[in-house]
Amino acid sequence: MSKHDEHHTLGHVMPASTLINVFLALIVLTVVTVAVAQKDLGPLNVWVALFIASIKGSIVCAYFMHLKYDKKLNLLIFGISVVLVLIMITFTIVDSHFYYNNIDSYQQSETFQAAKAAAASSAAK
Amino acid sequence: MSSTATAEPAHAHGHHGHEKNLAHHFDTMEQQFDAGKIGIWLFLATEVLFFGGLFTVYSIYRANHPQLYHIGQYFLTWEMGAINTAVLIFSSLTAAWAVRAAQLNQKKILVSMLVITFLCAATFMVVKYFEYSHKIHEGVLWGQAFNPSDAELNHVIEKIEHKGGDPKAIEFLEAIKERPVAEKKDMVAPLQMFFSIYFFMTGLHGIHVLVGMGLIAWLIVRASKGQFNNRYFAPVDSVALYWHIVDLIWIFLFPLFYLIG
Amino acid sequence: MAGEVSLNGSMHGTHDHVGGNYLNATKGLKSWLLTLDHKRIGIMYLVSVCIALALGGTFALLLRTKLLHGGYTPEAAAFIGSSKDYNQWMTLHGAVMVFLFMIPAIPAAFGNFVLPMMLGAKDVAFPKLNLFSYYLYFTGTVMFLVVLVMGGLDTGWTMYAPYSIVHSKTAVPYATLAVFILGFSSILTGLNFIATIHKLRPKGMTPFRMPLFLWAIYATSVIQVLATPVIGILTFMLFIEKIMGIGFFNPALGGDPLLFQHLFWFYSHPAVYIMVLPAMGVINEVIPTFSRKPIFGYKMMAFSSLAIAFIGFVVWGHHLFVSGQSPFANVAFSAITLTVAVPSAIKVFNWVSTMYKGDIHFTTPMMYALFFIYLFAIGGLTGIFLTALPGNIHTHDTYFVIAHFHFVMVGAVIFGFLAGLNYWWPKITGKLYNNKAGVLGSVLIFLGFNLTFLPQFVMGLKGMPRRYANYAQEFEIYHQLSTAGAYLLGVGFLTVLLYLLASLAKGKKAPSNPWGAASLDWQSTSPPHMHNFEKTPLMGDPYDYSLVSHDEKTGGYVRKPGEGSSAHH
């Protein structure tokens with residue numbers, strides 16, 4: 001703000017070694033996620049893949065995107081957006097489990113056949 | 001957060017330092033830089049929610065039709081996805097390095113890092129082009145256009161067998177081979193949703209990559225004119241952050257589509 | 001503190017010097033179309049949203065005219081337009097009012113104009129982005145006009161799938177693109193305001209010295225930034241669905257229509273607060289100013305705005321109670337929705353407490369603010385009927401819902417908008433208007449509004465469904481009362497238009513601070529200087545009316561020199 005620090009660098013400068021280490025970590029985690037995926041873990045497949053992807057994502061945010069060194073407000077903004085997506089997904093998934101049988105029974109009904117014909121004809125136009 | 005925001009004095013007719021990149025309504029470069037950061041992070045938050053809507057669609061269908069994803073995954077080539085993941089991660093490294101170079105006034109490194117980032121983005125799109133064109137050729141498309149060729153079905157069946165895979169999936173794919181188009185379409189109806197989501201999400205991500213390439217090209221021009229320095233590099237910083245979010249989304253798309261069945 | 005620049009006596013005399021204010025500092029069409037000045041952009045928004053209001057109002061009058069008679073006889077059916085026309089008017093009334101008027105009205109028009117001035121800043125954080133955001137709004141508006149030419153829209157403003165993607169023969173793809181573009185305009189405005197409020201507050205302007213309008217705008221901006229992308233992606237999906245047949249929401253292709261509603265209301269319920277919070281913000285300024293009393297419960301007001309914004313994100317399911325949503329989700333959303341009543345009630349109690357034993361001036365903005373409280377109370381309380389699951393099932397998709405949300409949306413947004421328009425008019429234009437005409441206009445609008453919507457509560461409870469072009473004879477009297485009210489409402493708006501035009505043409509010159517408000521925006525000249533303030537404004541409690549005193553020479557008020565009160569340390 002005053003004259004004498006006019007030439008100070010803005011923001012946090014990330015050391016080159018950190019950047020390279022982060023890159024290597026990300027590559028290793030990619031290999032891990034591919035390797036794990038070759039084994040069938042049943043319903044755990046999704047959660048393991050999401051867990052590894054979340055670690056990778058957090059590393060990218062913290063170092064490549066400087067969030068670890070940045071103003072906390074920026075972390076808050078980003079965090080809220082992620083939380084909202086999780087709320088959106090959780091509510092809809094929980095709800096869909098209850099109502100999905102309606103869609104499935106609809107697809108076995110005669111109404112469905114009629115609707116499908118209508119959809120096909122509108123798509124043909 | 002509020003305590004950080006009140007540090008700078010305001011003057012009605014500012015007589016700030018003679019920094020040429022300081023806009024008239026800011027008092028200091030720090031204030032301008034911080035405001036820009038808040039702006040770009042808010043934008044990234046909108047990107048998260050923008051893709052969040054699509055991840056919701058993905059999750060709903062995955063939760064209720066896990067079999068779609070189980071079979072659909074075999075139509076994709078995970079090796080291609082893995083190459084693209086590595087390419088994007090590397091481009092993220094170079095983008096982050098470009099910011100560092102700008103902060104340290106290293107013009108040559110800045111330009112070369114931006115050029116590498118641009119080339120990585122182009123590589124990503126080339127790989128994507130091969131993936132898409134193969135799928136279009138074999139009729140592995142979205143929604144009602146989904147009509148896979150028998151050759152592609154054979155190929156997928158082979159892949160499943162090779163993996164010692166699921167007899168149910170093989171049975172399903174065998175059954176739809178060598179049928180008239182209309183009948184086949186009827187049988188694969190659930191599977192088409194997988195490809196609708198696949199094309200929508202990767203397509204939208206691809207558009208983001210193209211936009212990123214445009215932005216990086218713009219940065220290359222400005223950087224080679226020497227317009228950035230340790231006091232003014234907000235465009236580099238913002239585009240790099242945008243580029244990281246593109247990478248971040250791909251980090252999730254890759255396992256969700258290519259790896260887990 | 002900014003006190004080093006003293007105000008040399010009163011500010012009168014500075015307001016009538018020509019050449020310095022934002023309206024005449026530069027001339028020519030280009031100086032407006034390419035302006036980066038937040039005040040001019042605010043004016044551009046103001047004019048645009050008023051045109052949108054007129055357009056949406058015209059559709060309302062058309063559909064109310066159609067409903068003057070039930071279509072139970074052929075002659076009556078032929079009275080005005082077909083049912084298809086009715087569907088179009090009903091849709092376009094909703095879509096234009098929501099997307100083109102209510103969402104941008106207060107934040108984009110008044111927010112742009114007064115937000116930096118209330119802060120004591122020279123502009124918003126990103127002036128170019130601000131202009132870009134206006135042009136996105138402009139493009140979206142033009143696209144809506146294209147929709148009108150390309151076959152209209154008959155889906156209801158909600159554009160529910162699968163009707164919109166399978167059956168509707170109207171210009172759905174254009175409408176979805178228009179909403180997509182308008183959404184980005186809204187996002188960028190919100191983003192700009194958040195950055196401005198965080199980083200452009202000058203020294204002395206602590207968060208709790210901000211006028212409550214800014215807290216309201218801040219909460220609104222948070223919703224704009226975080227909710228709007230979801231409608232963006234949803235309309236994009238709808239667009240792609242329409243042209244490529246991907247089938248996300250089409251059950252015939254294995255799609256899930258309820259998913260559309262989930263995503264739609266994830267945005268569109270918070271969007272209700274995008275509309276109403278800024279209106280509450282305006283009322284927060286108007287009521288203390290004209291009661292000559294500090295606002296009651298400043299911090300509660302500030303935090304209740306944020307609370308409404310955040311609760312607003314987790315109540316979207318109450319729009320889906322009879323859509324096939326699960327009983328579990330119904331109960332959860334019903335319970336969460338009821339909690340919105342708490343911060344809303346805090347606001348109403350605080351407004352009333354502010355007026356208690358105050359020196360109330362019945363100026364035009366204050367009239368709108370008083371009406372606002374009444375309308376918002378009724379709108380809010382009937383909301384509780386709708387939140388309760390059994391009540392909702394009885395009244396779902398009836399005129400009761402229509403009446404409820406018009407009490408909140410029109411009662412709050414339009415009355416808040418008109419309060420703001422009349423409040424800041426002298427600041428924006430530098431002209432005074434005829435207060436008697438203003439009060440007359442507000443009373444006409446208020447009477448017209450009640451006549452239009454009170455009968456709708458009754459017929460809704462009796463079972464009149466919404467969105468029908470036809471009805472049984474028993475509902476005719478209510479519809480006719482409602483239609484009469486709509487025309488009275490129209491007359492009220494014309495009154496407002498006329499006295500404001502008269503003010504522009506030959507209104508008296510406005511003093512800097514005609515109302516005696518204490519927030520910073522009134523320390524600038526009327527109209528303000530190109531850079532907002534010629535002299536650094538004096539910080540102080542925005543609701544401490546002992547900081548201003550009446551000035552006989554100008555007929556307005558002046559800020560007393562010296563430092564502000566220390567009410568909010």
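Here is how names work: the chains are called A, B, and so on, in the same order as the sequence lines, proteins then strands, and each is numbered from 1.
A heavy-atom distance below 4.5 Å is found between the side chains of A:L67 and B:W41. At a threshold of 4.5 Å between non-hydrogen side-chain atoms, the residues B:I245 and A:F78 count as touching.
With chain B as the partner, the residue from A:P43, A:A37, A:A49 showing the most heavy-atom pairs under 4.5 Å is A:A37. Annotation: maximal heavy-atom pairing with chain A below 4.5 Å, among B:S92, B:A86, B:G52, occurs at B:S92. With respect to chain B, the highest number of heavy-atom pairs below 4.5 Å among A:I20, A:L26, A:I27, A:V34 belongs to A:V34. Between chain A and the options B:N64, B:L104, B:I60, heavy-atom pairs under 4.5 Å are most frequent for B:N64. Of the listed residues A:V82, A:V36, A:V48, A:V85, the one with more heavy-atom pairs under 4.5 angstrom with chain B than any other is A:V85.
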Subject >> Check against side-chain contact (heavy atoms from CB on, under 4.5 Å), B:L44 and A:M65 >> reply: CA-CA 11 Å; B:L44 298 186; A:M65 301 173 91; 3.5 Å; yes
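B:R100 places a side-chain N or O within donor-acceptor distance of the main-chain N or O of A:M14, the cut-off being under 3.5 Å. Not a single donor-acceptor pair under 3.5 Å links the side chain of B:E30 to the backbone N or O of A:L10.
Proximity to chain A (any heavy atom under 4.5 Å) is restricted, for B:F33, to the side chain, taken from C-beta onward. The part of B:F233 that comes within reach of chain A is its side chain, from C-beta onward, which places non-hydrogen atoms under 4.5 angstrom from that chain. For B:L248, the part lying under 4.5 angstrom from a heavy atom of chain A is the side chain only. Neither the backbone nor the side chain of A:L29 comes within less than 4.5 Å of any heavy atom in chain B. Of the atoms belonging to A:D70, it is side-chain heavy atoms, and not backbone ones, that fall under 4.5 Å from chain B. In this structure, no portion of B:I40 lies under 4.5 Å from any heavy atom of chain A. Residue B:W78 touches chain A through its side chain alone, counting heavy-atom pairs closer than 4.5 Å. Using a 4.5 Å cut-off between heavy atoms, B:F90 touches chain A through backbone and side chain atoms alike. The part of B:D247 that comes within reach of chain A is its side chain, from C-beta onward, which places non-hydrogen atoms under 4.5 angstrom from that chain. With a threshold of 4.5 angstrom between heavy atoms, B:T85 approaches chain A through side-chain atoms but not through N, CA, C or O. Only the backbone of A:H12 has a heavy atom closer than 4.5 Å to any heavy atom of chain B.
To the nearest 0.5 Å, atom CG of residue B:L42 and atom CD1 of residue A:I80 are 10.0 Å apart. The OG atom of A:S81 lies 14.0 Å from the CZ atom of B:F50; values are rounded to the nearest 0.5 Å. For the atom pair CD1 of B:I38 and CD1 of A:I77, the computed distance is 6.0 Å after rounding to the nearest 0.5 Å. If you take OG on B:S91 and CZ on A:F23, they are separated by 9.5 Å, rounding to the nearest 0.5 Å.
The nearest pair of heavy atoms linking B:I251 to A:A53 is CG2-O, 3.7 Å. Minimum heavy-atom separation, B:I260 to A:N45: CG2-O, 3.5 Å. In terms of heavy-atom proximity, A:T9 sits nearest to B:Q103 at OG1-O, 3.2 Å. Listed here is the closest heavy atom pair of B:I89 and A:F64: O-CE1, 4.2 Å.
The neighbour count for B:K168 NZ, taken as heavy atoms of other residues, nucleotides or ligands under 6.0 Å away, does not exceed 12. Within a 6.0 Å sphere centred on OH of A:Y69, heavy atoms belonging to other residues, nucleotides or ligands number more than 12. Heavy atoms of other residues, nucleotides or ligands lying less than 6.0 angstrom from CZ of B:F55 number more than 12.
Residues of residues 86-93 of chain A lying under 4.5 angstrom from chain B, judged on non-hydrogen atoms, are A:M88, A:I89, A:T92, A:I93 in numerical order. Residues of residues 54-62 of chain A having a heavy atom under 4.5 Å from any heavy atom of chain B, listed by number: A:S54, A:K56, A:G57, A:V60, A:C61.
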